[in-house]
Amino acid sequence: MESPEEVRRMAPSTKLALANALKAQLQKKFLDDITVKELVEACEINRQTFYYHFQDIYDLLRWLLEHETAEALGGAEDWQAALLDAFRYIRDNHMVIYHIYRSAGRDNLLDCPFYSLARAIASASLEREARKLRLPEADADFLTDFYMYAIAGVMIGWFAGDMREEPEELVGRLSRLLEGEFRRSAEKFAPEETAV
């Protein structure tokens, strides 16, 4: 058994190892069918170490999605590039996403990769476009949710339709639809004195 100091020292690599083990299992089976026992055996750690880092498999899933979202979208210079990266991530990880999306045990839809990718894109885009506006937090959250659900809906439709369209085509369409909309939406919600 690892001491608390050893666990803290290896925390980032242990979390990543558990996330990688979960992702490997998700290549083969539904989230509902994966056990903590399988993950700890794959990582050669004990259950106590797993529970030191995560409350349960869904907590690990949330961490994995945050990590993967940051990795997938990290190099994007604008929302169109981030969207293209998101569609490519979905295509490259379609079995993992399918096994998450079709699992009954998810607490809510926000555990799904579509929503974590779409939220990251919407949030970053609104922050960038509305940085000079003093947008009330409740309105910023509302707009982020609105765009998250819109973008995630397109992703889900594409995924459910067997990803027939190329990511570049979808991003081109979305770009024509959304170009300038993040800023215009933020201006509509900004207090009068900050709208430019």
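The analysis underlying the following values was restricted to heavy atoms, covering all of them including side chains, and did not include hydrogens, waters or symmetry mates.
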Undergrad: Would you check if there is a donor-acceptor pair between the side chains of Thr49 and Asn46 at a distance under 3.5 Å?
TA: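 Note: Asn46 and Thr49 side chains meet the donor-acceptor criterion.
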
Undergrad: CD/Gln48 to NE2/His53 distance, rounded to the nearest 0.5 angstrom?
TA: 10.5 Å

Undergrad: Measure across Val171 and Gln80 and return the closest heavy-atom pair with its distance rounded to 0.1 Å.
TA: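 Taking every non-hydrogen atom into account, CG1-O, 3.6 Å.
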
Undergrad: To the nearest 0.5 angstrom, please state how far the CD1 atom of Ile151 sits from the CD1 atom of Ile156.
TA: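 Interatomic distance, Ile151 CD1 to Ile156 CD1, rounded to 0.5 Å: 12.0 Å.
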
Undergrad: Would you call Arg173-Glu168 a salt bridge at under 4.0 Å N-O?
TA: no

Undergrad: Using 0.5 Å steps for rounding, measure from the CZ atom of Arg119 to the OH atom of Tyr149.
TA: 7.5 Å

Undergrad: Are the side chain of Arg183 and the backbone N or O of Glu129 linked by a donor-acceptor pair below 3.5 Å?
TA: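 Confirmed, Arg183 side chain pairs with Glu129 backbone.
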
Undergrad: With under 30° as parallel and over 60° as perpendicular, where do the rings of Trp63 and His67 fit, or are they tilted in between?
TA: parallel

Undergrad: Taking all atoms of both residues into account, what is the closest heavy-atom pair of Ala140 and Leu126, and its distance?
TA: O-CD1, 4.3 Å

Undergrad: Between CD of Glu137 and OG1 of Thr144, what distance do you get to the nearest 0.5 Å?
TA: 10.0 Å

Undergrad: Could you tell me whether the side chains of Thr69 and Ser116 share a donor-acceptor contact shorter than 3.5 Å?
TA: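 The criterion, which ignores hydrogens and geometry beyond distance, is satisfied for Ser116 and Thr69.
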
Undergrad: With a 4.5 Å cut-off on side-chain heavy atoms, are Pro113 and Ile100 touching?
TA: yes

Undergrad: Looking at every heavy atom in both Leu73 and Leu117, which two are closest together, and how far apart are they?
TA: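 The pair with the smallest heavy-atom distance is CD1-O, 3.9 Å.
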
Undergrad: With a 4.5 Å limit on heavy-atom distance, are the side chains of Ser185 and Phe146 in contact?
TA: no

Undergrad: To the closest 0.5 Å, what do you measure between CG (Leu60) and CZ (Phe54)?
TA: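 Spacing of CG (Leu60) from CZ (Phe54) equals 4.5 Å.
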
Undergrad: Is there a side-chain contact between Glu38 and Ile34 (heavy atoms, below 4.5 Å)?
TA: yes

Undergrad: Find out whether Ile45 and Leu18 are in side-chain contact, i.e. whether some heavy atom of one side chain is under 4.5 Å from a heavy atom of the other.
TA: yes

Undergrad: Do Ile57 and Leu16 land in one hydrophobic cluster if side-chain heavy atoms of ILVMFWY residues count as linked below 4.5 Å?
TA: yes

Undergrad: So do the side chains of Leu143 and Leu135 get within less than 4.5 Å of each other, counting heavy atoms only?
TA: yes

Undergrad: If every non-hydrogen atom of Pro191 is compared with every non-hydrogen atom of Pro136, which pair is closest and at what distance?
TA: CD-CD, 4.0 Å

Undergrad: Does atom OH of Tyr51 have more than 12 heavy-atom neighbours, drawn from other residues, nucleotides or ligands, at distances under 6.0 Å?
TA: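 Above 12, so yes.
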
Undergrad: Angle between ring planes, Phe182 versus Tyr147, binned at 30° and 60°: parallel, tilted or perpendicular?
TA: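 Ring orientation, 0 to 90° scale: tilted.
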
Undergrad: Is any NZ, NE, NH1 or NH2 atom of the basic residue among Glu187 and Arg184 found under 4.0 Å from an Asp or Glu carboxylate oxygen of the other?
TA: no

Undergrad: Check whether any side-chain N or O of Asp162 sits under 3.5 Å from a backbone N or O of Arg164 as a donor-acceptor pair, and report yes or no.
TA: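 Between the backbone of Arg164 and the side chain of Asp162 there is no qualifying donor-acceptor contact (under 3.5 Å).
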
Undergrad: Tell me, which pairs form a ring-ring contact (aromatic ring centres under 6.0 Å, His included) where one or both residues lie in residues 123-145, sequence neighbours left out?
TA: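 For residues 123-145, and leaving out neighbouring residues, the ring-ring contact (aromatic ring centres under 6.0 Å, His included) pairs sorted by first residue read Phe142-Phe189.
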
Undergrad: Any side-chain heavy-atom pair from Asp85 and Tyr89 closer than 4.5 angstrom?
TA: no

Undergrad: Return the CG to CG distance between Leu170 and Leu83, rounded to the nearest 0.5 Å.
TA: 8.0 Å

Undergrad: Could you tell me whether the side chain of His99 and the main chain of Val96 form a donor-acceptor pair under 3.5 Å?
TA: no

Undergrad: At their closest point, which heavy atom of Glu169 faces which heavy atom of Glu165, and how far apart are they?
TA: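 Heavy atoms of Glu169 and Glu165 come nearest at OE1-CG, 3.4 Å.
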
Undergrad: Applying side-chain contact (heavy atoms from CB on, under 4.5 Å) to Ser175 and Trp79, what does each step give before you reach the verdict?
TA: CA-CA 9 Å; Ser175 185; Trp79 69 266; 4.2 Å; yes

Undergrad: Find out whether Pro167 and Trp158 are in side-chain contact, i.e. whether some heavy atom of one side chain is under 4.5 Å from a heavy atom of the other.
TA: yes

Undergrad: Check the surroundings of atom CZ in Phe159: do more than 12 heavy atoms from other residues, nucleotides or ligands lie under 6.0 Å from it?
TA: yes

Undergrad: Angle between ring planes, Phe114 versus Tyr101, binned at 30° and 60°: parallel, tilted or perpendicular?
TA: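 Rings of Phe114 and Tyr101: perpendicular, as their planes differ by over 60°.
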
Undergrad: Is Tyr115 close to Met155 at the side-chain level, that is, under 4.5 Å between some pair of heavy atoms?
TA: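 Side chain of Met155 against side chain of Tyr115, heavy atoms only: no contact under 4.5 Å found.
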
Undergrad: Would you check, one step at a time, whether the test side-chain contact (heavy atoms from CB on, under 4.5 Å) holds for Phe87 with Met163?
TA: CA-CA 9 Å; Phe87 279 110; Met163 302 174 288; over 6 Å; no

Undergrad: Judged by atom type as modelled, is there a donor-acceptor pair below 3.5 Å linking the side chain of Glu179 to the main-chain atoms of Arg176?
TA: no

Undergrad: Evaluate Leu26 against Met95 for side-chain contact (heavy atoms from CB on, under 4.5 Å), listing each step before the verdict.
TA: CA-CA 7 Å; Leu26 285 166; Met95 284 308 297; over 6 Å; no

Undergrad: Can you name the nearest heavy-atom pair linking Ala81 to Ala76, along with the distance?
TA: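 Looks like C-CB, 3.9 Å.
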
